Amino acid sequence: MRSPRGGGGGVGGFYRGAGAGQEHVDLIPSIPDDVAVDCLARVPHASHRAMRRVCRGWRSAAATPAFASARAQAGANEDLVYLMQFGNPSAADADGPKDDDGPANTPAYGVAVYNVTTGQWRRERGAPPVVPVFAQCAAVGTRLAVLGGWDPRTFEPVADVHVLDAATGRWRRGAPMRSARSFFACAEAGGRIYVAGGHDKHKNALKTAEAYDPEADAWDPLPDMSEERDECDGMATVAGDRFLAVSGYRTARQGGFERDAEWFDPAAGAWRRLERVRAPPSAAHVVVKGRVWCIEGNAVMEWMGMRRGWREVGPYPPGLKAGTARAVCVGGGDKVVVTGALDGEGGGGRHAVWVFDVKTKSWTVVRPPPEFAGFVFSVASVRI
C-alpha cells in the first residue's frame, strides 16, 4: 500500500500551522497524495492556470519534479510550439466573435502558442505588453526566453530578455544581453541559450557572441566568431551541446549569404568552421535526433558530415512558399513543425503550419485560425 502522505515523490499535500502543531492537508480528501498527483497530472495544460488557483497544495504539487514525472508516465505530456508572430491584417475581416484571442486583440508582434498534441491555438496572455519586433525565442526545459529584436518605437535593436516558465505560466524580466542586437543566430545547446551575430543599431553586422544561463539568470561572453554574420541561423550541433551559427553575411555584402558556418566548442572555448552548408533565407535549419536537417526548395535534407555531405530524407512541405520557413523539432524528435507562407494565389498572404512525421516521412498541413495566420519570425518548442 502506498503511503497516504505520498513519500518518494516529493509531494505531500501542504501543512497548516507551524512547528509541532502542523496539520497535513490531503491534495484530494481521502486519497493518498501520490495517487492524487497521478490524477492532477492528467489535467490538460490549458487548464493548469485554473488548477493552480484551486489551493496552495495543488499549486505546490504542480511545481514539483514528481508532477512532471507523473505526466510523462501517464502519457499526458503536451508539445507546445511558441511562435514570435506578426499579426495577420486580413484577420480583421474574418467572421466570428472577437474574444480575447480575436483579431481586435491581436498584437502587431507577439507570442502565439500552437499545441501540437491537441491542435489548439492561443495567445500567450501573460507576455510583455510590448514585445520587441523581430525578437527571437529559444527554450531550455520548460523555460522560454524572448530575446533582442527592435524597439517598436525607435526601430533600434534592444538587449531585452523576458523569460516564461511554461510550467507555471509566469513571466519575469531576465538579465539583458551584453550587446543589443537583432537578426542574430539563437538556439539552446547544453542547457544554455546562445546568441551570435546579427546587427547593431547602425546596421553593422556583428561577430560577437554570448551565452545565457536561465537558472542563474546570467550571461557569459564568448570569443568573437571569425566573421561577421548578419541574419544567420542558430541551432545545436549533432551532440546537442554545441551551438552552430549558420551562414549570414558581412556588412559589406548585404544579402550575400555565405555557404559556411561556425560552431562553438565549449571545451576549447573556441569557434570551428564548417563548410558546404545550405544558406538562408531559402533554407530553414533544424536538429532532429542529433542530425542537422535543412528544409529548402526541393526536399528535406540531412547533413551526413564533411565527407558524405547532404542526403535527402523527405519531401518538401506541400504548398510552402520558398524562403519563408521556420522549423522546430518536437516530441523528442518524432515530429518537425514548420511555419511559412502558403504559396500561390490561394494563399492570400496567409501563413500555415506543416507537421512532418519523422517515421512515416509524411506532411500534415495545419491551417490556423485567421488571427494566428501571420508571419512567424522565430519558433521554439517546450514539452509540458
Side-chain angles (χ1 to χ4, degrees), residues 2-82 99-101 110-118 120-129 131 137-146 161-175 191 213-217 380-384:
R2 289 194 262 191
S3 165
R5 296 299 177 252
V11 179
F14 69 96
Y15 293 83
R16 289 199 190 103
Q22 282 188 338
E23 176 188 2
H24 176 271
V25 179
D26 291 336
L27 291 173
I28 300 176
S30 302
I31 295 180
D33 284 340
D34 51 356
V35 176
V37 169
D38 287 343
C39 296
L40 296 177
R42 289 165 168 79
V43 174
H45 179 258
S47 300
H48 280 193
R49 191 185 300 268
M51 180 183 72
R52 288 191 294 269
R53 293 186 181 130
V54 171
C55 65
R56 284 179 293 167
W58 286 19
R59 184 167 61 250
S60 298
T64 63
F67 180 79
S69 297
R71 281 182 66 81
Q73 292 172 6
N77 281 342
E78 299 173 47
D79 290 306
L80 309 179
V81 173
Y82 289 83
D99 57 16
D100 286 346
D101 283 337
V111 185
V113 187
Y114 171 52
N115 189 317
V116 181
T117 307
T118 66
Q120 295 175 317
W121 291 82
R122 64 178 173 84
R123 196 74 53 198
E124 182 51 57
R125 303 186 183 210
V131 177
C137 65
V140 176
T142 62
R143 291 187 176 94
L144 175 84
V146 176
V161 175
H162 298 274
V163 180
L164 165 70
D165 186 337
T168 64
R170 295 175 180 168
W171 285 87
R172 64 173 173 82
R173 181 175 283 275
D213 182 340
E215 190 70 32
D217 189 29
S381 66
V382 171
R383 170 163 278 193
I384 296 294

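Since this is a predicted model, take the numbers as computed values, not measurements.
When atom types are taken as modelled, the side chain of His48 and the backbone of Ala167 share no donor-acceptor pair closer than 3.5 angstrom. At least one donor-acceptor pair closer than 3.5 Å links the side chain of Arg52 to the backbone N or O of Thr168. Using a distance-only test at 3.5 Å, with no hydrogens or angles considered, no donor-acceptor pair links the side chain of Arg42 to the main chain of Ala70. Remark: side-chain polar atoms of Thr64 are paired, donor with acceptor, to backbone N or O of Ala61 under 3.5 angstrom. Proximity of a side-chain donor or acceptor of Arg122 to a complementary backbone N or O of Val113 within less than 3.5 Å is not detected. Asp217 contributes a side-chain N or O that, together with a main-chain N or O of Ala175, makes up a donor-acceptor pair within less than 3.5 Å. Put simply, the side chain of Trp58 gets close to the backbone of Leu27: a donor and an acceptor are under 3.5 Å apart.
In this structure, Leu40 CG and Ser47 OG are separated by 12.0 Å, a value rounded to the nearest 0.5 Å. Note that the NE2 atom of His45 and the CE atom of Met51 stand 9.0 Å from one another [nearest 0.5 Å]. Note that the OG1 atom of Thr142 and the CG atom of Leu164 stand 8.5 Å from one another [nearest 0.5 Å].
Of all heavy-atom pairs between Arg123 and Val111, the closest is CD-O, 3.7 Å. Between Cys39 and Ile28, the closest heavy-atom pair is CB-CD1, 4.4 Å. Considering every non-hydrogen atom in both Ala66 and Val37, the closest pair reads O-CG1, 4.2 Å. Closest of all the heavy-atom pairs between Ala166 and Tyr82 is CB-OH, 3.4 Å. Counting all heavy atoms, side chain and backbone alike, Ile384 lies closest to Leu80 at CG1-CD1, 3.9 Å. Between Leu144 and Ala380, the closest heavy-atom pair is CD1-CB, 3.8 Å.
For Arg172, the CZ atom counts as densely surrounded, since its 6.0 Å shell holds more than 12 non-hydrogen atoms of other residues, nucleotides or ligands.
With hydrogens and angles left out, the side-chain atoms of Asn115 and Glu78 include a donor and acceptor closer than 3.5 Å.
The pair Asp79-Arg383 meets the salt-bridge criterion, since a charged nitrogen lies less than 4.0 angstrom from a carboxylate oxygen.
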